[in-house]
Every structure is written in C-alpha cells, then in structure tokens.
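The sequence lines fix the lettering, A, B, ..., with proteins before strands; numbering per chain opens at 1.
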Number of protein chains: 2
Amino acid sequence: MTDNAAHPNERISEAEQAVLEALWDAGEPLTAASVAQRVGESRGWSLATVKTLLSRLVGKNAIATQPDGRRFLYSPLIAREDFLGHESRRLVDRLFGGRAASLFAHLAEAEALTESDLSEIETLLKELRK
Amino acid sequence: MTDNAAHPNERISEAEQAVLEALWDAGEPLTAASVAQRVGESRGWSLATVKTLLSRLVGKNAIATQPDGRRFLYSPLIAREDFLGHESRRLVDRLFGGRAASLFAHLAEAEALTESDLSEIETLLKELRK
DNA sequence: TCACTACGATTACAGGTGTAAACGGATTCG
DNA sequence: CGAATCCGTTTACACCTGTAATCGTAGTGA
C-alpha cells in the first residue's frame with residue numbers, strides 16, 4: 001500500500017468541504033440525493049453539482065462508497081477532527097508563522113471574540129493548566 | 001466611488017500573499033526587482049513570476065504603484081492587520097461556524113499550543129477582562 | 001544614431017474549482 | 001415490451017492560480 005487512506009494527499013476545496021460536512025453531520029452513509037438535499041438546498045446547488053463534488057472527493061480518497069442495491073452510499077474516510085486540525089494548522093502557519101498565540105491575539109483585537117468565547121476559553125485554559 | 005480601496009473585493013492567493021508579505025516587511029515602497037529578490041529567492045520564483053503576481057495584486061487593488069523614473073514602486077494598499085483579521089475570520093467561519101472558542105479548543109487539543117502560547121493567551125485574556 | 005538593456009504589459013498554458021448538462025445502463029411503471 | 005426514471009460517469013466550460021516567456025517601448029552607452 002502506497003497511499004494512506006487516513007489523510008488524502010490532495011487538497012479539499014471549499015465546496016467539497018461542504019459536502020463532507022453533510023456526511024459528517026449525518027453520522028451515517030448517505031446517498032447522493034440525500035447529500036444533495038442537505039447541502040444543495042442551502043447552497044443552491046443542483047444535484048449534478050453535488051454528484052460532481054462527491055466524485056471528486058472519492059477521487060481524492062476523502063470519502064468511500066459502498067454499493068446499496070443500485071446506488072452508492074457515501075461516507076467520510078477522514079475524520080472531521082483531523083480535517084479541522086489540519087486546516088487550522090495550515091492557517092496558523094501561513095498567516096502567523098505557526099504562532100497560535102498570535103492568531104488568538106488577532107481575533108481578540110479584532111473583537112472577533114464574544115464574551116462567551118472568552119468565558120469558554122478561560123475555562124479551557126484552566127483545564128489545560130490543571 | 002464604488003469600490004473601497006481599503007479592502008479589495010477579490011481574494012488574494014497564497015503566492016500573492018507572499019509578495020504582499022515582502023512589501024509589508026519592507027515598510028517602504030519597493031521595485032519589482034527588489035520584491036523578487038526578497039520573495040523570489042526563498043521561493044525559487046523567477047523575476048517574471050514576481051512581476052505577474054505584482055500585476056495581479058494591482059488589479060485586485062491590493063497594492064499601489066507610484067512611478068519612480070522609469071519603473072514603479074509598489075506599496076501595499078491593505079494593512080497586514082486587516083488581511084490577517086479577514087483571513088482568520090474566514091477560517092473561523094468556514095471551519096468552526098464562527099465560533100472562535102472552537103478553534104481555540106481545537107488547537108489546544110491538537111497540542112498545537114505551546115506552554116508559552118498558553119501563557120500569552122492567559123495574559124491577553126486578563127487584559128481583555130480588565 | 002544604434003544596438004542593448006530594463007521594465008511594465010501581454011500572452012501562455014496546465015491544473016484546480018465551481019457549476020452543470022449529457023450519456024448510458026439498469027429498473028420500474030403501464 | 002417500451003417509455004420514463006434513476007443513478008453514476010463523462011464531458012464541458014469559464015475563472016483562478018502558479019509559473020513563466022515574449023513583446024514593445026523608453027532610455028543608455030558607444
């Protein structure tokens with residue numbers, strides 16, 4: 001085996017992410033039509049578009065198909081956690097030279113942090129420090 | 001006036017960002033050659049490539065040109081702070097539904113936060129709470 | 001003045017992305 | 001059995017990106 005299923009090499013685009021999100025959300029394998037209903041509707045995508053995205057995700061080894069009679073059921077091959085972690089790190093690296101504290105400072109300064117964000121973070125910090 | 005110079009509508013790509021970075025870094029207007037020296041070298045880009053990126057940035061209203069004899073001096077039209085803020089928010093929105101605390105939790109869990117990150121954040125929190 | 005050089009502008013071109021329509025085989029309804 | 005339907009696959013196509021090469025024009029050195 002040359003490729004690692006757990007982390008697809010190719011990048012996942014924004015539109016593709018939306019599709020993945022639907023699968024993560026569902027928690028169980030979905031048909032293309034079902035995915036389209038969940039994503040397409042809010043995004044205004046046609047079924048055809050969703051199908052294309054699903055195919056591309058399969059090609060990128062990001063989701064798997066399992067036959068269900070005549071059609072396929074799609075399910076994620078990568079964990080949401082992993083994806084988020086990966087993307088977050090990418091951003092921190094790209095914009096802040098890897099310094100997470102800088103990102104935080106930025107969000108804080110830009111007032112992108114609500115009062116409840118602050119409380120939550122405070123709590124998290126305490127736990128981390130325990 | 002229909003367009004706001006302070007925030008270019010079009011997206012800035014990664015390569016373009018690198019060029020902007022050089023201009024921000026310099027703190028003063030630079031010639032194309034100078035930019036190429038600063039970015040191109042570390043990235044292995046030819047002068048031609050850097051020129052293209054500069055042109056695209058001009059087209060996107062992200063940098064300005066001022067004539068200096070026969071050439072141009074390029075300088076950023078958008079502030080680094082603004083760019084970072086914008087991109088950070090984009091990520092938080094895209095990946096965490098706008099919840100900055102979730103991003104933070106993720107970084108923490110992924111152990112992407114060093115001890116000094118934690119200290120810094122703690123300090124920042126205290127200030128914000130004052 | 002004339003070849004040469006330095007520069008911005010124009011053109012190029014492959015690969016990724018957003019957004020679909022068309023195609024072809026299986027299935028089901030009448 | 002034939003038409004309509006469902007579904008994955010193939011093809012389309014414009015725009016963005018990375019990465020240049022080439023063109024045209026304005027100076028420069030001989």
Map B:R56 and B:Y74 onto DNA chain C by nearest heavy atom, then report which one ends up closer to the 5' terminus.
->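 The residue whose closest nucleotide sits nearer the 5' end is B:Y74.
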Please identify each residue that fulfils side chain to side chain contact (heavy atoms under 4.5 Å, CB included) with B:L125, with sequence neighbours left out.
->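 For B:L125, the residues satisfying side chain to side chain contact (heavy atoms under 4.5 Å, CB included) (neighbours in sequence not counted) are A:F104, A:L118, A:I121, A:E122, A:L125.
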Could you list the residues that satisfy side chain to side chain contact (heavy atoms under 4.5 Å, CB included) with A:E21, not counting sequence neighbours?
->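 Residues passing side chain to side chain contact (heavy atoms under 4.5 Å, CB included) with A:E21: A:Q17, A:W24, A:R80.
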Do NZ/NE/NH1/NH2 and the carboxylate oxygens of A:R11 and A:E16 come within less than 4.0 Å?
-> no
Would you call B:E14 and A:R90 a salt bridge, using N to O less than 4.0 angstrom?
->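 Between A:R90 and B:E14 there is a salt bridge, with a charged N closer than 4.0 Å to a carboxylate O.
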Applying side-chain hydrogen bond (donor to acceptor under 3.5 Å, both in side chains), which residue pairs with at least one partner in residues 45-56 of chain B are found, sequence neighbours left out?
->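 Every pair satisfying side-chain hydrogen bond (donor to acceptor under 3.5 Å, both in side chains) with a residue in residues 45-56 of chain B: B:S46-B:T49.
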Of residues 23-50 of chain B, the positions that come close to DNA chain C - non-hydrogen atoms, cut-off under 4.0 Å |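 Hits under 4.0 Å, by residue number: B:A32.
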Is there a side-chain contact between [X] and [Y] in this structure, where contact means two heavy atoms from C-beta onward sitting under 4.5 Å apart?
X: A:L103; Y: B:L91; result: no
X: A:V35; Y: A:L53; result: no
X: B:L20; Y: B:L57; result: yes

Ignoring hydrogens and angles, write down the donor-acceptor pairs under 3.5 Å from the side chains of residues 64-79 of chain B, residues two or more places apart or on other chains.
none

If I compare all heavy atoms of [X] with all of [Y], which pair ends up nearest, and what's the gap?
X: B:A101; Y: A:L124; result: O-CD1, 4.3 Å
X: B:L107; Y: A:S88; result: CD2-CB, 4.1 Å
X: A:D93; Y: A:G98; result: OD1-CA, 3.3 Å

Note down the inter-axis angle between the two ends of the helix from C:dT1-D:dA30 to C:dG30-D:dC1, five pairs each, to the nearest 10°.
->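 Roughly 20°, once rounded to the nearest ten degrees.
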Would you grab the first and last nucleotide of DNA chain C (5' to 3') that comes under 4.0 Å of any non-hydrogen atom in chain A?
->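 First-to-last contact on DNA chain C, by the 4.0 Å heavy-atom rule, is C:dT17 to C:dT27.
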Base, sugar-phosphate, or nothing for A:T65, non-hydrogen atoms under 4.0 angstrom?
->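 No contact.
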Using the test side chain to side chain donor-acceptor pair (under 3.5 Å), find all partners of B:S116 that sit at least two apart in sequence or belong to another chain.
->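 Testing B:S116 for side chain to side chain donor-acceptor pair (under 3.5 Å), a comparison that skips the adjacent residues, returns B:T114.
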Tell me, please, which residues at least two apart from A:E81 pass side chain to side chain donor-acceptor pair (under 3.5 Å).
->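 Here the qualifying residues are B:H106.
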Can you pull the contact range of chain B along DNA chain D, 5' to 3', using atoms under 4.0 angstrom from its heavy atoms?
->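 Nucleotide range with atoms under 4.0 Å of chain B: D:dT17 to D:dG27.
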For DNA chain D, the residues among residues 13-22 of chain B that have a non-hydrogen atom under 4.0 Å from it | B:S13, B:E14, B:A15
Hey, could you give me each pair passing salt bridge (Lys or Arg N to Asp or Glu O under 4.0 Å) that has a residue in residues 26-48 of chain B? Not counting sequence neighbours.
->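 Not a single pair qualifies under salt bridge (Lys or Arg N to Asp or Glu O under 4.0 Å).
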